[in-house]
Q: 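Questions regarding the structure given below will be posed in turn.
Values reported hereafter were calculated over all heavy atoms of this structure, with side chains retained and with hydrogens, waters and symmetry mates removed. Residue numbers start from 1 in every chain, and the chains themselves are labelled A, B, ... in the order their sequence lines are given, proteins ahead of strands. Since we're looking at a predicted model, the values are computed, not measured.
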Amino acid sequence: MMELNNVRTRFAPSPTGRFHFGNANTALFNWLIARRYGGVVVLRMEDTDTERSTKEYERLIIADLEWLGIDWDEGPLKGGDFGPYYQSERGGIYEDYTKKLLESGAAYKCYCTKEELDHAREEARSSGSPDVFNCGCRAMSDDERIKKESEGDAFSVRFMTPKNDRIVLNDLLRGPIEFDTNDIDDFIIARSDGSPTFLLTNAVDDALMKITHVVRGEDHISNTPKQMLVNRTLGLHVPEYLHTAMILGQDRTKLSKRHGAVSVFQFREKGYLPESMVNYLAFLGWNPKDDREFFTIRELAEAFSIEAMSKAPSVFDEARLHYLNAYWMKTIDRSRVVKMWVDYLVERGYVTADEAETKRGWIQRIVEISAERVKILSDIDEYADFFFKDVESYDEKGAKKHFSKENAADNIAMVKSELASVEPFNHDGIEKMYVRLKEEKGLGANQTIHPVRLALTGKTFGPSLFELMELLGRDVCLARLDRAEKHIRETSASV
RNA sequence: GCCCUCAUCGUCUAGUGGUUAGGACACCGCUCUUUCAAGGCGGCGGCAGGGGUUCGAGUCCCCUUGGGGGCGCCA
């Protein structure tokens with residue numbers, strides 16, 4: 001077992017969109033490493049892109065983290081000794097370091113415009129130039145520089161990447177990864193409006209916030225040598241790095257919006273439990289090396305180890321998430337499930353908020369008999385809608401099978417009249433009635449159960465018919481049977 | 001084009017030189033059952049290819065192929 005001491009990890013989302021699966025995956029691994037090895041988690045908002053960052057996204061990202069149960073020890077809402085934890089409030093720090101780099105000659109001003117750069121880049125690539133693109137500003141003479149300066153031309157600041165050097169990233173998961181600095185361009189650390197970029201802020205803050213382990217997606221591997229270079233020339237601490245495997249869509253490309261639902265929120269909306277999400281997310285890039293497949297976040301924190309992480313990217317598979325959700329829906333407190341049902345029913349207009357309150361006991365009983373089938377909240381539409389609204393249509397195949405028999409209408413009429421007088425009108429009473437029907441008239445499920453289920457629910461599947469009748473109540477059952485009987489007589493007459 | 005990275009069933013994965021290559025999801029049967037679901041039982045299906053190393057390679061090395069990521073005044 002790898003031994004880590006005084007671990008400080010961080011997650012550093014930029015509030016430019018909703019928290020998606022990839023973010024949640026790396027956030028979880030940061031959390032897991034800190035929790036497993038007795039460390040601290042820092043949350044840092046990387047809101048340097050003023051164009052796209054919003055306070056609203058910040059709020060939503062925090063809400064998603066809280067929902068998932070991923071907490072943090074330092075950062076927004078928590079404070080800490082290494083703040084501020086919003087990069088937008090750390091401008092002075094970045095300015096100082098940029099200045100330092102500029103003064104020491106480790107960075108230089110680039111006067112190229114965006115258009116010039118785009119053009120040059122295009123040319124370089126189409127001509128198949130093997131060298132990384134660098135503009136002429138790196139080699140600009142002092143005279144020229146002074147001239148540009150006096151003209152007041154806008155400039156960005158580029159890091160002067162050393163030539164002919166090698167830089168080795170000792171990835172905690174992947175081992176040494178070697179880079180030739182000739183393959184690294186002179187990246188921009190400050191934009192022409194003076195604002196710092198990720199390559200600088202992220203690296204500097206990790207050092208300043210005393211982050212010991214930077215755990216982030218594989219897509220950052222090529223950024224890491226740049227940031228190591230920045231910190232090294234600045235005399236700042238260089239943390240350990242661990243690059244996690246990416247999550248891919250079904251088409252095996254980086255998970256993005258075009259793959260459909262990718263934000264944590266969207267899955268929450270669909271009715272997935274945070275337990276399932278965390279459980280699933282943890283298994284994308286880690287596994288316990290035994291047959292256990294269900295873990296709470298606490299259990300994960302205990303079982304987790306870096307050695308058991310995998311390097312290969314994995315494809316997101318909702319079927320698996322769905323399966324886990326079925327398990328957690330059965331496993332969590334039933335009262336929580338009832339609460340979720342109530343919220344869902346009200347939200348979808350099945351019941352009003354008042355009804356939900358007064359009929360809570362009744363809803364709870366419906367949950368009890370439907371829980372096995374409702375693997376995800378939205379299954380309510382499929383399995384339990386008939387409790388809350390009238391039957392609008394009958395399943396086509398079911399109707400063909402159960403409503404087209406010769407005595408179908410008569411059988412339904414008979415059950416209807418029996419039901420009118422059965423006492424007590426509950427599961428046991430109805431079951432006794434059915435047993436009697438079978439004994440006295442020899443009528444089985446095909447005559448008296450399946451057609452009745454179809455009449456009452458419109459479906460050929462669902463919970464126990466007797467319990468379902470009890471919960472529907474006598475009046476509703478009689479009315480629906482009556483309607484079905486008429487329906488059958490009408491349709492058979494027209495044939 | 002250049003750099004980096006990864007590679008066991010369709011998917012998530014176990015495997016650390018000797019296994020009938022194991023599990024889970026999905027799918028398909030059977031079973032249970034008033035239906036469906038759940039459960040139980042079973043089935044389908046995999047080491048990308050080629051060279052080495054070795055008595056012996058899914059496991060080690062090399063090459064090829066394939067996948068992924070990066071090459072922004074996004075993060």
Q: Please list all pairs meeting side chain to side chain donor-acceptor pair (under 3.5 Å) that have one or both residues in residues 435-456 of chain A, counting only residues at least two apart or in different chains.
A: Glu418(A)-Arg436(A)

Q: Roughly how many Å apart are A21(B) and C63(B), using the C1' atom of each and rounding to a whole number?
A: 26 Å

Q: Please, which pairs that meet salt bridge (charged side-chain N to carboxylate O under 4.0 Å, His left out) have at least one residue in residues 459-470 of chain A, sequence neighbours excluded?
A: Arg365(A)-Glu470(A), Asp385(A)-Lys459(A)

Q: Considering only the C1' atoms, how many Å lie between G22(B) and U65(B), rounded to the nearest integer?
A: 28 Å

Q: Would you please name every residue forming a side-chain contact (heavy atoms from CB on, under 4.5 Å) with Ala455(A), sequence neighbours left out?
A: Phe403(A), Ile412(A), Leu481(A), Ala484(A)

Q: State whether Lys226(A) places a side-chain N or O below 4.0 Å from either non-bridging phosphate oxygen (OP1 or OP2) of C71(B).
A: no

Q: Side chains of Lys311(A) and Leu173(A): closer than 4.5 Å at any heavy-atom pair?
A: yes

Q: For nucleotides A38(B) and G29(B), find the distance between their P atoms and express it as a whole number of Å.
A: 14 Å

Q: Grab the CD-P distance between Gln227(A) and C71(B) for me, whole Å please.
A: 13 Å

Q: Reckon Lys254(A) touches a base, only the sugar-phosphate, or nothing at all at heavy-atom distances under 4.0 Å?
A: sugar-phosphate

Q: Considering Watson-Crick and G-U wobble pairs with both distances under 3.5 Å, what does A7(B) pair with?
A: U65(B)

Q: Can you sort out the partners of Asn279(A) under side chain to side chain donor-acceptor pair (under 3.5 Å), two or more places apart, ordered by chain and number?
A: Trp328(A)

Q: Is the closest basic N to carboxylate O distance between Arg320(A) and Glu293(A) below 4.0 Å?
A: yes

Q: Applying salt bridge (charged side-chain N to carboxylate O under 4.0 Å, His left out) as the test, list every pair that has at least one member in residues 270-288 of chain A; sequence neighbours left out.
A: Lys270(A)-Glu318(A), Glu275(A)-Arg336(A)

Q: Taking side chain to side chain donor-acceptor pair (under 3.5 Å) as the test, write out the residues that go with Ser276(A), two or more places apart.
A: Asn325(A)

Q: Measure from CZ on Arg10(A) to C1' on A75(B) and round the result to the nearest Å.
A: 11 Å

Q: Can you name the atoms? Protein N/O to nucleotides 4-13 of chain B N/O, anything below 3.5 Å, with the distance.
A:
unit_1, atom_1, unit_2, atom_2, d
U5(B), O2', Arg174(A), NH1, 3.2
U5(B), O2', Glu218(A), OE2, 3.1
U11(B), OP1, Arg252(A), NH1, 3.4
C12(B), OP1, Val315(A), N, 2.7
C12(B), O2', Phe283(A), O, 3.2
U13(B), OP1, Gly285(A), N, 3.4
U13(B), OP1, Ser310(A), OG, 3.3
U13(B), O3', Asn287(A), ND2, 2.9

Q: Tell me every residue that passes side chain to side chain donor-acceptor pair (under 3.5 Å) with Asn287(A), counting only those two or more places apart in sequence or in another chain.
A: none

Q: Just the rounded figure in Å: distance from C1' of C25(B) to NE2 of His322(A).
A: 12 Å

Q: With sequence neighbours excluded, tell me which residues meet ring pair (Phe, Tyr, Trp, His ring centres under 6.0 Å) with Phe21(A).
A: Phe267(A), Phe316(A)

Q: Donor-acceptor pair, distance only, cut-off 3.5 Å: does the side chain of Glu89(A) make one with the backbone of Tyr86(A)?
A: no

Q: Using purine N1 to pyrimidine N3 plus N6-O4 or O6-N4 for Watson-Crick, or N1-O2 and O6-N3 for G-U wobble, each under 3.5 Å, what pairs with G1(B)?
A: C71(B)

Q: Looking only at atom P, what distance separates A26(B) and C12(B), rounded to whole Å?
A: 15 Å

Q: In whole angstrom, give the distance that lies between atom CG of Leu200(A) and atom P of C73(B).
A: 15 Å

Q: Given atom CD1 of Ile184(A) and atom C1' of C3(B), what is their separation to the nearest angstrom?
A: 9 Å

Q: Could you measure between the two C1' atoms, the one in G68(B) and the one in C73(B), and give it in whole Å?
A: 27 Å

Q: Please list, chain by chain and in numerical order, all residues satisfying side chain to side chain donor-acceptor pair (under 3.5 Å) with Glu151(A), sequence neighbours excluded.
A: none

Q: Would you indicate, yes or no, if A75(B) has its OP1 or OP2 atom less than 4.0 angstrom from a side-chain nitrogen or oxygen of Arg191(A)?
A: yes

Q: Indicate, with a heavy-atom threshold strictly under 4.0 Å, whether Asn223(A) touches base, sugar-phosphate, or nothing.
A: base

Q: Please encode protein proximity along nucleotides 30-48 of chain B as a string of B, S and -, counting only heavy-atom distances under 4.0 Å.
A: ----BBBBS----------

Q: Does A14(B) have a Watson-Crick or wobble partner in any strand here, with both distances under 3.5 angstrom, and which is it?
A: none

Q: Which whole-number value in Å describes the distance from Leu199(A) CG to G70(B) P?
A: 14 Å

Q: Leu321(A) CG to A26(B) P: how many Å, rounded?
A: 12 Å

Q: Return the pairing partner of A26(B) with a 3.5 Å limit on both distances, Watson-Crick or G-U wobble; otherwise return none.
A: none

Q: Classify the nucleic acid contact of Ser195(A) as base, sugar-phosphate or nothing, counting any heavy atom under 4.0 Å across all strands shown.
A: nothing

Q: Which part of the nucleic acid, if any, lies within reach of Cys110(A) when heavy atoms closer than 4.0 Å are counted: base, sugar-phosphate only, or nothing?
A: nothing

Q: Flag the pair Arg138(A) / Met160(A) as yes when at least one side-chain heavy-atom distance between them is below 4.5 Å, and no otherwise.
A: yes

Q: Which pairs, protein N/O on one side and nucleotides 57-63 of chain B N/O on the other, fall under 3.5 Å?
A:
none

Q: How far, in whole Å, is A48(B) from A57(B) if one measures between their P atoms?
A: 16 Å

Q: What's the CG-P distance between Asn325(A) and C25(B), to the nearest Å?
A: 15 Å

